[in-house]
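Remarks on the structure that follows.
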Amino acid sequence: MNFKEYKNLDYGQVADEILKFWQDEKIFEKSIETREGNPTFTFYEGPPSANGTPGIHHVMARAIKDIFCRYQTLKGKQVKRKGGWDTHGLPVELQVEKELGITKDDIGNLKSPKYVSVEEYNKKCRETVMKFTDQWNDLTEKMGYWVDLDNPYITYENDYIESVWHLLKTLYEKGLLYKGYTIQPYSPAAGTGLSSHELNQPGCYREVKDTSLTAQFKVKLTGKSGFLFDAAESSNVYILAWTTTPWTLPANSALTVGKNIEYSLIKSLNPYTYEPVNVVLAKDLVGKYFNEKGKDGDFSKYNDGDKIIPWKEIFSFKGNFLEGIEYEQLMPYVQPESPAFRVIIGDFVTTEDGTGVVHTSPTFGADDFRVAQQNGIPSIFVKDENGKDVPIVNRQGRFVAEITDYANEPVKEAYLSEAEKEEQRIKQGRDKYLSVDERIAIQLKTENKAFNVQKFDHPYPHCWRTDKPVLYYPLDSWFIRTTAVKDKMIALNNTINWKPESTGTGRFGNWLENLVDWNLSRSRYWGTPLPIWRSEDSEEVCVGSLKELENGITHALKDDVLSAEQRAANEKFLALLKEGKEDLHRPFVDEVYLISASGKVMTRETDLIDVWFDSGAMPYAQWHYPFENKDIFDKAYPADFISEGVDQTRGWFFTLHAISSMISDSVAFKNVVSTGLVLDKNGNKMSKRLGNAVDPFETLKKYGADPTRWYMITNAQPWDNLKFDLAGITEVRNKFFGTLTNTYNFFALYANLDGYTPTGKLDKTIATELDQWILSKLQTLIKEVDESYNTYEPTKAGRAIQEFVGDHLSNWYVRLGRRRFWKGEVTADKQSAYETLAYCLKTIAQLMSPIAPFYGDWLYKNLTDTSTEGVQSVHLTNFPKADEAWINTDLETSMDLAQRICSLIHSLRKTNRIKVRQPLSKILIPILSEQTREQIRHVDELIKTEVNIKAVEYLNDASGVLSKKVKPNFKALGPKFGKEMKAVAAVITAMTADDLKALEENKTIALENFTIALEDVEIQTEDLPGYLTASDAGITVALDINITPELKQEGIARDFVNRIQNLRKDSGFEVTDKISIQLLDSDPEVTAGVVAFKDFISQEVQALSLEVVSELADGQEVEFEELTLTVKVAVL
RNA sequence: GGGCUUGUAGCUCAGGUGGUUAGAGCGCUACACUGAUAAUGUAGAGGUCCGUGGUUCGAGUCCACGCAGGCCCA
C-alpha cells in the first residue's frame, strides 16, 4: 500500500476529517455493536445543565470520562453511554427571573403589578434550560467525546419524573421519607420563611444593639465532671456561655465546645451576687471577663461591691475533656422528652466572641439543630392544640403560655407597635418598657445564673419586606432519613474505589460520618413536585406512578366531597392524563385533589424536591425504571465508573450513593474519579467576568482536540488543579505529536520508496538487537499503559507513551537505525526494520487512542489498509496484549548502558572539540563485572556507529592499570551499624588498595572492630591515567583521542559527504536521484582524503562518478573547515 | 472556624517502604549536528525541597506546630 506523507500537519483538520469519518461510518455505534454479547462496562453521565455555555473545564472533565470508556471498549467491553441533561433547579429559575425582570414574589401573585403565572413561568424555564444544547452538542463532537446524544435522559420529562416518584414512594414505604422541620430564617412579621438568597439582598443585615448575656450553667457532679470539682476543691462549678439572644435560653438543651480549644477553670466571685464561683471558659477569652489587676488577688480581703474582683486560674485543658459533662437546666419552664443538658463537641465553635462555649438551642439555630441531631440532643418543644410538637415561640414571634413569666410576649421588641409597647410598660409597672431579653437578664442576675450582661452592637438580618428582624425558626420540610442508613452508606462507601483515595475517605467519608437527614423540600416552582397529598388532619398518600395518580383521581371523582371547582380540575387533568398529554409540573399537579381513607380532601404538599435528587436518581430514571427497560437497568447497574469535579462530592456523588444505598442496598458506582479545577495559567479561577476564561471552541480549532486533550491529561493528575496554559498545548503539539508525525513520515517515505507493505508479523530470526530492544521496550510499555488505564491513572499512561515515543522510538531507535532504511535493497535486515517500526507505530496509535482519539485513529488508518484488514478504526481494535516472549530485560539494561556510554563519549568529544564526524580509534571501558561486560558487548556495534569509534576495548583488574575507589553503601550499612555509621563510613573511605583487594577476595574484611562485607560498599573505577575519561553512575569511559593520518582522511571524507548531502538537499534533488561529482583540486590533504575514500563517498551520496579535476568552471563554493572548496554536483 | 488538598529550578511537573551528589521537559547561555528539521546532541547557569521544632547514625520523604494557595462546608 502507499503511505500518505504529510507536511505541516494541522491537528484541527485531522480532527475534522476523522470526525466526518466517524459520522459517515457510524464508528461510535459500531464500537458498541461489535461488542454485543461481551461483558458490559457501565458508565453514568453526570448531567450538565445546558442553561450556560460550556467552558474549557468541560473539555477536561469529559476527556477523563471519554478515556476510560474508550479504553474499556478496546478491552472488549460493551460500553453504552447515555447522555443526559439536568434541567430543574434554582440556577434556571434565577436566570429566568432575571430575564423576565421579576422576583419570586411576582410568580403566581395576582396582586403584583409584574404578575407572571406559574404556568408561563415554568414554560419559560423549560425553554431556557435547553437554550445552549446546540453548543454543548457541538463541543461534545469537536472534542471527540463519545456519548449518546440522540437519546439523552432529560430530568423534566414525565418518564423521568415518574421514575423519581417511584423512588420517593419506595422510600416513603420504607419509612425513610418524613415531614419534619429545619431551622430557616423566618420573618414573624411577614409570616414567611426567607431563602438565603433573599437574606443576601443588600440592606438586610443591619447594625443593632442587643442585650448580650453570659450565663452560668451549673455543672452536675458525675464521673466525667469530677476532675473539675476536685481541682476547684468546691461543690460549685459553672460553665459560662454567651448569647446575643437571651430569649432563646429557655430552649437551651446543650452546650457546645470545640474539641481542640483550650479551656480554663477560674476561681472567682459572681459580679452580681458576689458568691464564690468556679467557672469554665476558653483560655484565650479569660482576659475579656477578668481584670488583670484581680489576678491571684486575695479573696479574704474582698468586700462586696469592690470594683476589682479577685480571680485565679486553677488549670486548663482541651475541650474534649468537657464532652459528656451534664449540667442543670438554666430556665426550667419546659422539660425535654429525653435526656438533654450535656456538653457536646461542635466544629463551629470559635474563640472570637463570648466564652468559647456555645449555648445551644436546637429550635432556634441551624448549627445548634445540626449538632444536636448528630449528638442525639432533643429540642425543647411544647404541644399545640393538635398535640403536635411546636417550639416555645409561636409563629407570631411570641412566647407560648408554658413560658409563664413571659407568656404571649414577642421575643423581639421590634414586633410591638409604640402603642402596644406603652400598654406593656403599664403592665410591667416600670418607667420604661423593658424587652424580654432585658428582663431575662435581670431575672438571671438575681438567681446567680448570669455572669455578665451588656449591650452588644452587631449586624443582624432583617426581613426585606417588613424591615423587622428575622428569627431562625423551625419550619416544615420533607426529609429523607439518611441518618437511618448511615452505617450502610459508610460500609458501602468503603467498597468504592476513589481516585484520589483521600476524597473518598476524607471529604466524602467525613461527610458520611457527620450525616444529617436530607432536606428534600424546596419552595420553588420549576422542579419535580413532591408526590405527596395531605388532608388537613395529616392523612396522607404518596403517589408512586401515573397509574396510581389516575386511580386516585378516578376514585376522588366518585366521591361527592370535592367542590365543583376541584371536580372540574380533576376531570381536566384526568383527560390529559389519559391522552398522555399531562404536565407533571406545577401548577398542573397542584390542581389534583385526592380523597383520604376517611373521606377528606387531600391537596398536594406544595414543595418541590431538591434537584440533586433528580440527578442522583439517574441510574433508575434514565431508563424509566421500573416502568420500562428492566432488563437494561439490570445490566447497567451499578456503574463501573463515573467522574465529575471534586465539588460534586456532596452533590451528585452523595445523592447517587444515598439513593442507591436506600433503594438497592448497593453502591451506585464502583470507581469514581473526582477531578480538580481548571485554573488560568497564573493559578486564578477562570471567570467570564475577569476575562481570563479560555474559549474551548477556539482552542480546539486552533490547536486540535488531540493536543488539547493530551496536554490536559499529561500535565497534571486529573484530581490536581490544572493551570491551563496555551503554551503548554503548543509544547505538546511540537514535541510529542510533531515527533510522532515525523517518525511516521520517516517510515512512510522509505516504505513508499521501497514499495514495502508491512505484514504486521514480527520475526525474531531477523530482528536485530536494536529491533529486539525497542520491541522489548514496547511490550513493557503496553503493560504499563494497560495497568495505568485500568487503575484510572491516565496521566501515567500518557507520560509513559510520551517517553517511549520521544526518547526511545524517535531519538534512539530511528536515529540509530536510519541507515537501515535508506540503504540499498530490501534485505531481511531492512524488512525487520520496517516491520518493527510499523508495529511500534500502530501499537502507539492504539495505546494513545483513548486520550487522543482523532490522531490515534488518523495514525492507525495511515498505517493500515482497511480494505484488506477489515477493521476500519483504531477504536474497533482490541487493546494490544504484551508478548512476554519479547521482553528482554538484559537487553534493556545493555541499551541503557549504551546510551550512557554514548552520552559520555559525546561529552568527551565536546570538551576536546573533536566533532563526531571525525572517527577515533578506540575507547576503553573498565569493567568490574563479567555481566556488565557481556551487556555492553551486545551493543558495542551500536556504540561504535553512534559515536564514530573504531573499537571498544574492555579493561579488567588483570590489566593492572585500573585503580578503584570505594564508597560506603549507606542503605546496607544502616541496619547493621546504626549509630556507629559515621565511624564505619570513615573506615571505609580510608580503605587502602590492599584492603579493597582483600575484601574482594574474601568477600569480607575486619577493620577496627567492624566487619565489612562486600555488599556494604560500592566499588567504582577511577580515572585512567593517560586517557581522557568521564564517568557517570558506575560507568567510566576512556577515550583515545589520537588521530592517525588514516583517521584524519576518513574524517575528511565524512565531512565531504556531509557537504555533498547538503548540496543535494539545497539543490532540491530527489532522494533517489543519482549524481556525478567533480571536485576542484585545491588542498592536497582534502584531495588525498577524498581519493582514499572515493568508494565510501560515492556510496553515501549515491554518486555514480567522483573525480578530482584541476579546473572547474561552473562549480559551487562550499565552506570546508578553514577552506573553501569548489565542487560541481549534477543529476544523472 | 472545620474537613480535604497543594507547596521541589524562572515556568509545568517526577521523586515505592528514610540512605548522604534531588531529577525531567520548557525557557535562558554557549557550542555542535543537519536526507526525521515546528526537530536533535553536549555543556553551563539556575534549588533555604514553604517555615519552625522533633524522631533518627541519616529527613524532600516520618511526626508536631505554623505559613501560603485551592476546593467544599459553616
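Reminder, nothing fancy here: chain letters follow the sequence lines and each chain counts from 1.
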Is it true that, when you exclude Lys796(A) itself, more than 12 heavy atoms of the residues, nucleotides or ligands shown sit nearer than 6.0 Å to its NZ?
no

Start with the C-alpha gap between Lys830(A) and Asp754(A), add the side-chain angles, then the distance that decides, and say whether salt bridge (charged side-chain N to carboxylate O under 4.0 Å, His left out) holds.
CA-CA 10 Å; Lys830(A) 194 169 190 176; Asp754(A) 285 327; 2.6 Å; yes

Respond yes when some side-chain nitrogen or oxygen of Asn514(A) is under 4.0 Å from OP1 or OP2 of rG3(B), and no when none is.
no

Could you say whether Tyr11(A) or Ala716(A) is positioned toward the 5' end of RNA chain B, judged by the nucleotide with the nearest heavy atom to each?
Ala716(A)

Reading RNA chain B from 5' onward, which residue's closest nucleotide shows up sooner: Asp725(A) or Val349(A)?
Val349(A)

Distance from Leu816(A) atom CG to Ile943(A) atom CD1, nearest 0.5 Å?
10.0 Å

Does Arg370(A) come within less than 4.0 Å of Asp367(A), counting only side-chain N to carboxylate O?
yes

Interface residues of residues 730-738 of chain A with RNA chain B (non-hydrogen, below 4.0 angstrom)
Glu731(A), Arg733(A), Asn734(A), Lys735(A)

Lys318(A) atom NZ, over 12 foreign heavy atoms within 6.0 Å
yes

Polar atom pairs (N or O), protein with nucleotides 67-72 of chain B, under 3.5 Å:
unit_1  : atom_1 : unit_2    : atom_2 : d
rG70(B) : O2'    : Asn721(A) : ND2    : 2.9
rC71(B) : O2'    : Arg507(A) : NH1    : 3.3
rC71(B) : O2     : Arg507(A) : NH2    : 2.5
rC72(B) : O4'    : Arg507(A) : NH1    : 3.3

Quick check: any donor-acceptor pair below 3.5 Å linking the side-chain of Thr739(A) to the base of rA36(B)?
no

Count the heavy atoms of every other residue, nucleotide or ligand shown that sit under 6.0 Å from NZ of Lys944(A), and state whether that count exceeds 12.
yes

